[in-house]
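For reference, the structure discussed in these notes is given below.
No hydrogens, no waters, no symmetry mates; every other heavy atom, side chains included, goes into these values.
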Amino acid sequence: MRSWRPLLLLLVVALPGFAADWREELTPPQPGKFPPPRPQAAIYRFGWGAFSAAEAEFDFHRTKKNQLQLDVTAKTIGAVRALWQMDAKHTARCAAATLRPISLQQTETYRKETEKTKADFSAEGVVRLQESDPPPKTPPRPKRFKFPDLFDLQTALLFVRSQSLEAGETLCFVVYPAKAAYLARVSVVGREPIEVHGQSYPAVKLQLGLQQVSKDLVLVPHSKFTNAYAWLSDDKDRLLLKVQADLFVGSVWAELQSVKFGRE
């Protein structure tokens, strides 16, 4: 009688002591052979279902210190702004040669509150300080997340687009956007044409999965995220063309509206 075997398999998988460590899945953090983007200024539109909700301007360039810097200015627009006013600025810097994040600063301004987040990255992890106005009763303290080879949002995108991106390939890494860490699994679905803002592009289709990483390095299901797809242009620029995500509020998206390239 072999009916006990499925039960034994389930028990082994469920026991943390026997389960494989998720850190063994991580992709080596070295950049691939595809070169970093050329300087560019891009505009993206964000939406929820059929509604446009926000717009952002992205300025990507190389600094004199051989660093890559991304400056983002975003705001809600239209009918959404009448209900939820938000203005945001985000600046992120990384090393051009290694694509390792250096720092990020983010300011989010709402009708009654402003939040400022600063994060400094090192080989050991990240130190983050979040302040608000009006200030809370308890003064904020720096929070540390110790984990090597972290990415922020800018370097996560730069790292992914630097790879060969062959169909079936999966990249696994830990990303720290601003306030928490997540395990990201990016799988290459394949190639397909896509139309964005009236223009057709050959594109690489990617699927994204996210799990939150606790301070104790335990994976926790993302309560607000279900699934997402992203498309990069399949050319020398590998532009981020579109993102489509399923969240707890429904389907949200981001699309490239325009891009202008600067001098190298």
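Every residue two or more places apart in sequence or in another chain that forms a ring-ring contact (aromatic ring centres under 6.0 Å, His included) with Phe58 is listed here: Tyr44. Among residues two or more places apart in sequence or in another chain, the salt bridge (charged side-chain N to carboxylate O under 4.0 Å, His left out) test is passed with Lys242 by Glu255. The salt bridge (charged side-chain N to carboxylate O under 4.0 Å, His left out) search around Arg144 returns none, not counting sequence neighbours. For Phe151, the ring-ring contact (aromatic ring centres under 6.0 Å, His included) partners at least two apart in sequence or on another chain are Phe159, Phe173. With sequence neighbours left out, Ser233 forms a side chain to side chain donor-acceptor pair (under 3.5 Å) with Asp235.
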Note to self: Run the side chain to side chain contact (heavy atoms under 4.5 Å, CB included) test on Val175 and Asp152 for me, step by step, so that the C-alpha distance in whole Å, both residues' side-chain angles and the decisive distance to 0.1 Å come before the verdict.
What the structure shows: CA-CA 5 Å; Val175 58; Asp152 66 349; 5.6 Å; no
Note to self: Show, in sequence, the C-alpha distance, side-chain angles and deciding distance for Thr170 and Val188, and conclude whether the side chain to side chain contact (heavy atoms under 4.5 Å, CB included) test is met.
What the structure shows: CA-CA 6 Å; Thr170 297; Val188 183; over 6 Å; no
Note to self: Apply salt bridge (Lys or Arg N to Asp or Glu O under 4.0 Å) to residues Glu115 and Lys179 and explain how you reach the verdict.
What the structure shows: CA-CA 12 Å; Glu115 291 185 357; Lys179 301 176 183 179; 3.0 Å; yes
Item checked: From CA spacing to verdict: side-chain hydrogen bond (donor to acceptor under 3.5 Å, both in side chains), Glu192, Trp231 -> CA-CA 9 Å; Glu192 65 180 25; Trp231 289 261; 2.7 Å; yes
Notebook entry, point to check: Passes side chain to side chain contact (heavy atoms under 4.5 Å, CB included), Leu232 versus Leu240? Steps please.
Noted result: CA-CA 5 Å; Leu232 301 179; Leu240 179 61; 3.9 Å; yes
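Judged by distance alone, the side chains of Ser164 and Glu166 never bring a donor and an acceptor atom under 3.5 Å apart. Neither side chain, Trp22 nor Gln211, offers a donor N or O lying under 3.5 Å from an acceptor on the other.
In this structure, the separation between CD on Gln257 and CD on Gln199 is 11.5 Å, given to the nearest 0.5 Å. Atoms CG and OG, from Asp246 and Ser251 in turn, are 5.5 Å apart once rounded to the nearest 0.5 Å. Summarising the geometry, atom OG belonging to Ser200 is positioned 9.0 Å from atom CD1 belonging to Ile194; distances are rounded to the nearest 0.5 Å. In this structure, Leu153 CG and Gln106 CD are separated by 8.5 Å, a value rounded to the nearest 0.5 Å.
Across Gln163 and Arg238, no two heavy atoms sit closer than the pair O-NH1, 2.5 Å. Annotation for Ser52 and Val80: closest pair O-CG2, 4.0 Å, computed over non-hydrogen atoms. For the residue pair Trp253 and Trp48, the shortest heavy atom distance occurs at NE1-N, 3.7 Å. The shortest non-hydrogen separation linking Ala245 to Ala228 is CB-CB, 3.8 Å. Taking each heavy atom of Glu57 and Ile43 in turn, the nearest pair found is CG-CG1, 4.2 Å. In this structure, Arg128 and Ala178 approach most closely via the heavy-atom pair CG-O, 3.4 Å.
The cluster map of Ile, Leu, Val, Met, Phe, Trp and Tyr, joined by side-chain heavy atoms under 4.5 Å apart, puts Val127 and Leu104 in different clusters. Leu68 and Ile102 are not part of a single hydrophobic cluster, where members link through side-chain heavy atoms under 4.5 Å apart. Both Leu210 and Val189 sit in one connected hydrophobic cluster of ILVMFWY residues. Membership requires side-chain heavy atoms under 4.5 Å apart, directly or through other members. No continuous path of hydrophobic side-chain contacts links Val160 to Phe34 [ILVMFWY only; heavy atoms under 4.5 Å].
Side-chain contact check for Phe145 versus Val213: some heavy-atom pair is nearer than 4.5 Å. For the pair Cys94/Gln154, a side-chain contact is recorded, criterion being any heavy-atom separation below 4.5 Å from C-beta on. The side-chain heavy atoms of Val204 and Arg191, taken from C-beta on, include a pair separated by under 4.5 Å. Side chains of Ile77 and Phe46 form no contact here, defined as non-hydrogen atoms less than 4.5 Å apart. Under the 4.5 Å side-chain criterion, counting only non-hydrogen atoms from C-beta, Val126 is not in contact with Asp120. His61 has its side chain within reach of Asp71: a pair of non-hydrogen atoms, C-beta onward, lies under 4.5 Å apart. By the 4.5 Å heavy-atom criterion applied to side chains, Tyr176 and Phe147 are not counted as neighbours. Counting only heavy atoms from C-beta outward, the side chains of Arg185 and Glu25 approach each other to under 4.5 Å.
Other residues sharing a hydrophobic cluster with Tyr110 under the 4.5 Å side-chain heavy-atom criterion for ILVMFWY residues are Trp84, Met86.
Between Glu55 and Arg81 there is no salt bridge, since no side-chain N of the basic residue sits under 4.0 Å from a carboxylate O of the acidic one. We find that Glu131 and Lys118 are not joined by a salt bridge, their nearest charged nitrogen and carboxylate oxygen being 4.0 Å or further apart. Using a 4.0 Å cut-off between a side-chain N of Lys or Arg and a carboxylate O of Asp or Glu, Lys75 and Asp87 do not qualify as a salt bridge.
Side chain of Asp21 to backbone of Glu24: no donor-acceptor contact under 3.5 angstrom is found. Judged by distance alone, the side chain of Glu169 and the main-chain N or O of Leu165 form a donor-acceptor pair under 3.5 Å. Formation of a donor-acceptor pair under 3.5 Å by the Thr114 side chain with backbone atoms of Thr109 is not found in this model. Under the 3.5 Å distance criterion, the side-chain polar atoms of Gln40 are matched with a main-chain donor or acceptor of Arg38. Between the side chain of Arg62 and the backbone N or O of Gln69, no donor-acceptor pair lies under 3.5 Å.
For Arg141, the CZ atom sits in a loose shell: 12 or fewer heavy atoms of surrounding residues, nucleotides or ligands are nearer than 6.0 Å. The environment of Phe261 atom CZ is dense: over 12 non-hydrogen atoms of other residues, nucleotides or ligands sit within 6.0 angstrom.
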